[in-house]
Amino acid sequence: MADAKQELRAEALRRRKEAFERHGAEASLKIAAQGLDFLRVKPEIIVSGFAAIRDEINPGPLMTWLHAEGCRLALPVMQGKGAPLLMRAWSPGDVMASAAWGIAEPTDDKPELDPDVVLVPLLAFDGRGYRLGYGGGFYDRTLRRLRKIKPIIAVGLAYDEQKVDAVPVESYDEKLDWVLTPSGAQEFKEI
């Protein structure tokens, strides 16, 4: 299983890079223009995003729009290998700390929040709602922890080109509820 995931990661990184080169910032703007209206949630919800790295689709424009709509926002903070992410309050323009891999994180003085909606980065996703990440398991642990304490909605953000036939799945892999791409939102319902 680890070999299958590693092979798919290499292919997914190549596909995502090509999608980024083809679509650039326009993809992020298309996602922001859609907003999260498809979720039919109230404006005062807590939404956690992420600080995009490399050629990930950038949730920044969507987060700015959500902030203007009255949503409370959060960004993840790494707590160490094998631990779930901690979500801290964030607003556009906040001073950020630099963490591992150059990822920007909210500073320690920001309060911890348990989000209602988690925007999730990914390398690939399939039609069942499974995602392939970088292999650290941070989002799987985070989604599992949050789902134990409250109902949440996990929304993967991706280029359309990141969809694959099947992501190899292990017992600890957490499913997405939705994926949002520049062409629209797709829900993953239990069969």
Side-chain angles (χ1 to χ4, degrees), residues 5 8-9 12 16 27-28 31-32 34-53 56-63 65-67 69 71-79 82-90 103 105-106 112-160 162-164 166-191:
K5 282 189 171 184
L8 182 55
R9 271 190 194 95
R16 189 179 71 186
S28 297
I31 281 180
Q34 295 175 64
L36 296 180
D37 293 344
F38 60 92
L39 295 179
R40 295 183 179 89
V41 292
K42 297 179 179 172
E44 63 271 8
I45 62 166
I46 301 169
V47 179
S48 86
F50 57 91
I53 58 171
E56 289 177 340
I57 203 156
N58 182 5
L62 174 60
M63 298 290 284
W65 180 82
L66 292 170
H67 184 260
E69 290 292 306
C71 294
R72 294 175 61 198
L73 303 177
L75 288 178
V77 174
M78 291 177 46
Q79 298 298 294
L85 298 166
L86 171 73
M87 304 303 182
R88 289 195 181 276
W90 174 82
I103 298 173
E105 297 181 341
E112 295 177 25
L113 299 175
D114 288 324
D116 303 297
V117 176
V118 181
L119 303 179
V120 183
L122 52 86
L123 290 172
F125 69 96
D126 66 21
R128 302 169 299 167
Y130 287 104
R131 66 177 276 279
L132 182 69
Y134 294 109
F138 291 103
Y139 275 93
D140 292 314
R141 284 188 291 279
T142 302
L143 294 175
R144 190 173 313 109
R145 181 190 78 79
L146 290 169
R147 286 174 170 154
K148 286 180 181 177
I149 60 173
K150 67 190 275 190
I152 64 161
I153 302 170
V155 180
L157 295 185
Y159 301 98
D160 292 284
Q162 290 178 264
K163 187 172 184 177
V164 297
V167 169
V169 178
E170 298 183 72
S171 62
Y172 54 81
D173 289 324
E174 292 286 321
K175 284 180 69 172
L176 299 170
D177 299 296
W178 291 82
V179 69
L180 178 58
T181 69
S183 68
Q186 178 183 347
E187 185 176 15
F188 306 110
K189 293 184 179 184
E190 292 295 324
I191 298 173

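No side-chain heavy atom of Leu66 sits under 4.5 Å from any side-chain heavy atom of Val117. Side-chain contact check for Trp90 versus Leu113: every heavy-atom pair is 4.5 Å or farther apart. Side-chain contact between Val164 and Leu132 is absent, with no heavy-atom pair separated by less than 4.5 Å. Residues Ile45 and Cys71 are in side-chain contact: their nearest non-hydrogen atoms beyond the backbone lie under 4.5 Å apart.
Leu85 approaches Pro76 most closely through the heavy-atom pair CD1-CB, 3.8 Å. In this structure, Glu56 and Pro121 approach most closely via the heavy-atom pair OE2-CB, 3.6 Å. Nearest heavy atoms, Thr142 versus Met87: CG2-CE, 3.8 Å. Of all heavy-atom pairs between Val179 and Phe125, the closest is CG1-CE1, 3.6 Å. Of all the heavy atoms in Leu122 and Arg16, the pair that sits closest is O-NH1, 3.4 Å. Residues Pro59 and Leu157 approach most closely at CB-CD1, 3.5 Å, considering heavy atoms.
For the pair Lys175 (side chain) and Arg128 (backbone), a donor-acceptor distance under 3.5 Å is present. A donor-acceptor pair is defined here as one N or O able to donate and one able to accept, closer than 3.5 Å; such a pair exists between the side chain of Glu105 and the backbone of Met78.
Between the OH atom of Tyr130 and the CD atom of Glu170 there is a distance of 11.5 Å, given to the nearest 0.5 Å. Note that CZ of Arg131 and CG of Asp126 are 12.0 Å apart. Values are rounded to the nearest 0.5 Å. Distance check, rounded to the nearest 0.5 Å: CZ of Phe138 to CZ of Phe50 gives 15.5 Å. Atom CG in Leu62 sits 6.0 Å away from atom CG in Leu119 (nearest 0.5 Å). For the atom pair CG of Leu180 and CG of Leu36, the computed distance is 7.0 Å after rounding to the nearest 0.5 Å. Distance check, rounded to the nearest 0.5 Å: CG of Leu143 to CD1 of Ile152 gives 5.0 Å.
Exactly one of Lys150, Arg145, Arg88 qualifies for a salt bridge (charged side-chain N to carboxylate O under 4.0 Å, His left out) with Asp114. That residue is Arg145.
Every side chain to side chain donor-acceptor pair (under 3.5 Å) that Arg147 has, sequence neighbours left out, goes to Glu174, Asp177. Listed by chain and number, the residues in a ring pair (Phe, Tyr, Trp, His ring centres under 6.0 Å) with Tyr134 amount to none (sequence neighbours excluded). Not a single side chain to side chain donor-acceptor pair (under 3.5 Å) links Ser28 to another residue, sequence neighbours left out. For Pro182, the side-chain contact (heavy atoms from CB on, under 4.5 Å) partners at least two apart in sequence or on another chain are Ala27, Lys30, Ile31, Ile57, Asp160. Remark: Trp178 pairs with Phe38 by the ring pair (Phe, Tyr, Trp, His ring centres under 6.0 Å) rule, at least two apart or across chains.
Within a 6.0 Å radius of CZ in Arg141, more than 12 heavy atoms belonging to other residues, nucleotides or ligands are found.
Note on Lys5 versus Asp173: salt bridge recorded, some NZ/NE/NH1/NH2 to OD/OE distance being below 4.0 Å.
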- Message: Using side chain to side chain contact (heavy atoms under 4.5 Å, CB included), reason through Ile153 and Val41 one step at a time and then give a plain yes or no.
- Response: CA-CA 10 Å; Ile153 302 170; Val41 292; 4.2 Å; yes
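Counting only residues at least two apart or in different chains, side-chain hydrogen bond (donor to acceptor under 3.5 Å, both in side chains) contacts with residues 34-52 are absent.
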